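One structure is given here, and the rest of the page talks about it.
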Protein chains: 2
Amino acid sequence: MTGTERGPRERMVFSAAQLIRRDGVGATGMRDVAAHAGAPRGSLQHYFPGGKEQLVNEAVAWAGRYAGKRIARFMAGMSEPTPSGLFAAMVRQWTDEYETAGFLSGCPVAAATVDCVSSAPSTREAAAAAFATWRKPLAEALTGMGVPAERAGSLATLMISSLEGAIIMARAEGDVRPLTTVARELGPLLDAARES
Amino acid sequence: MTGTERGPRERMVFSAAQLIRRDGVGATGMRDVAAHAGAPRGSLQHYFPGGKEQLVNEAVAWAGRYAGKRIARFMAGMSEPTPSGLFAAMVRQWTDEYETAGFLSGCPVAAATVDCVSSAPSTREAAAAAFATWRKPLAEALTGMGVPAERAGSLATLMISSLEGAIIMARAEGDVRPLTTVARELGPLLDAARES
DNA sequence: ACCGCGTTATGACAGCCGTCATAGTAGCGG
DNA sequence: CCGCTACTATGACGGCTGTCATAACGCGGT
């Protein structure tokens, strides 16, 4: 979650994602986003003429790109990459945050999905696209580690689903145990999918 | 989701759960709940002096009890119960709803978690309790099918996490595929956990 | 008849929301 | 200096929110 100093527009998108993943879409106000980004309120309607919906959609898209890029970073950080190791790294990112910063925030894509799917079609599409840009590099990483192509997509879906659900349970319980449990139980299954 | 005709209080809790799982907590108003339940608006402050927070918490608790009871029903509906069959039944409940009624609604416990964890401590506790009353009978069902006790709890967490995550992905994509994928990929792992 | 109590009815309140309208500033090419 | 464009500033608007105050209703008990 590097907050590199870009233009005010990008900062607002980033701040929106931060606030959405903590408070949900409904409880995140436009004024809050501008304040959190240190940006003038008047810039909101200038950069996002589509209103809150556009801002939320861009925040969701940003989160999807971020998650996708992390996959490559996790792969690069492992000397001998394995599917279970990759999933453990994905999970560890969340346990690290929760142990250092508390269980304040979840996944912005999940938050937007829960809050907007049945009211804002464009946000639903943005969420679907975000999951796609997350799953694609994940599935490619799996195939690169020897997982058959027709299986990689399914396992990527399983990994993301389990992670998202474990994030929710961990926040509810105020404990990282669901996250570590999911990583431990799923590890062998993922590694066994490789054809060696 | 049987709407048995009980008293107005129970109807309001039920309606709250329905609206929350569709629109999220923030977008669900008290007036909406009363209208949806066909209950007088004045009854809200009478039955729920704790305000919206109490209503949300009771809706979450109701959902937890409902999910827990469903486990026994799924078990009773299978001639030869297996862990994979139980999970498939849990998933099928959602695919059936989505294919007949559309992807309008998700899990109310997940919605409350996403929307309230970082703002309402009591709702966080209610969500944790709901997950507990869901996981407990699930773990017991697993042990009853031959899964070692120390493993059953972990697998129950894995099953709920995967299901919750798959629900979110399915709603985002407008497709039941994440749900069916998770059931298919997780089935063998669950059955293999039995000591026969 | 009257009381008491659980329930309902209704209107008002302050507060926040997203959005819009309008005006203002800065910078730059001409 | 002008004019243009990009961006900022500010206040107002209607609408909705959760909550409260107040009063009325229905009805069994005595």
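Residue numbers start from 1 in every chain, and the chains themselves are labelled A, B, ... in the order their sequence lines are given, proteins ahead of strands. These values consider heavy atoms only, across backbone and side chains, with no hydrogens, waters or symmetry-generated copies. Quantities reported herein were computed from a predicted structural model and do not represent experimental measurements.
- Here the P atom of nucleotide D/dT19 and the CD atom of B/Q54 are 10 Å apart, to the nearest Å.
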Side-chain donor/acceptor pairs under 3.5 Å, residues 28-35 of chain B, sequence neighbours excluded:
residue: B/T28; atom: OG1; partner: B/L19; partner atom: O; Å: 3.3
residue: B/T28; atom: OG1; partner: B/G24; partner atom: O; Å: 2.7
residue: B/D32; atom: OD2; partner: B/G29; partner atom: N; Å: 3.2

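- Between B/Y98 and B/W94, the ring planes lie tilted relative to each other; the angle falls in the 30° to 60° range.
- Without hydrogens or angle criteria, B/S162 side chain to B/M159 main chain gives no donor-acceptor distance under 3.5 Å.
- Under the side-chain hydrogen bond (donor to acceptor under 3.5 Å, both in side chains) criterion, A/N57 pairs with A/S122, A/T123, not counting sequence neighbours.
- Within residues 24-40 of chain B, the residues approached by DNA chain D to less than 4.0 Å at the level of any non-hydrogen atom are B/T28, B/G29, B/M30, B/R31, B/D32, in residue-number order.
- The stretch residues 44-52 of chain B touches DNA chain D through B/Q45, B/G51, B/K52, each having a heavy atom within less than 4.0 Å of the strand.
- Ion pair A/R171/A/E164 not flagged as a salt bridge, since none of the NZ, NE, NH1 or NH2 atoms sits closer than 4.0 Å to an Asp/Glu carboxylate oxygen.
- A/T181 and B/T157 are not linked by any side-chain donor-acceptor pair at a separation below 3.5 angstrom, with hydrogens and angles left out of the test.
- Residues forming a ring pair (Phe, Tyr, Trp, His ring centres under 6.0 Å) with B/Y47 (at least two apart in sequence, or on another chain): none.
- The outermost nucleotides of DNA chain C lying under 4.0 Å from heavy atoms of chain A, listed 5' to 3', are C/dC17 to C/dA21.
- A salt bridge does not link A/E58 to A/R65: none of the charged nitrogens lies less than 4.0 Å from a carboxylate oxygen.
- A salt bridge is defined here as a Lys NZ or Arg NE, NH1 or NH2 lying under 4.0 Å from an Asp or Glu carboxylate O, and A/R124 with B/E173 fails to meet this definition.
- Judged by atom type and distance alone, B/R41 does not reach the base of D/dG18 through any side-chain donor-acceptor pair under 3.5 Å.
- In this entry the distance linking CZ of A/R9 with P of D/dA6 reads 14 Å, nearest Å.
- The aromatic rings of B/W134 and B/F131 sit parallel to each other, their planes meeting at less than 30°, with 60° as the upper class boundary.
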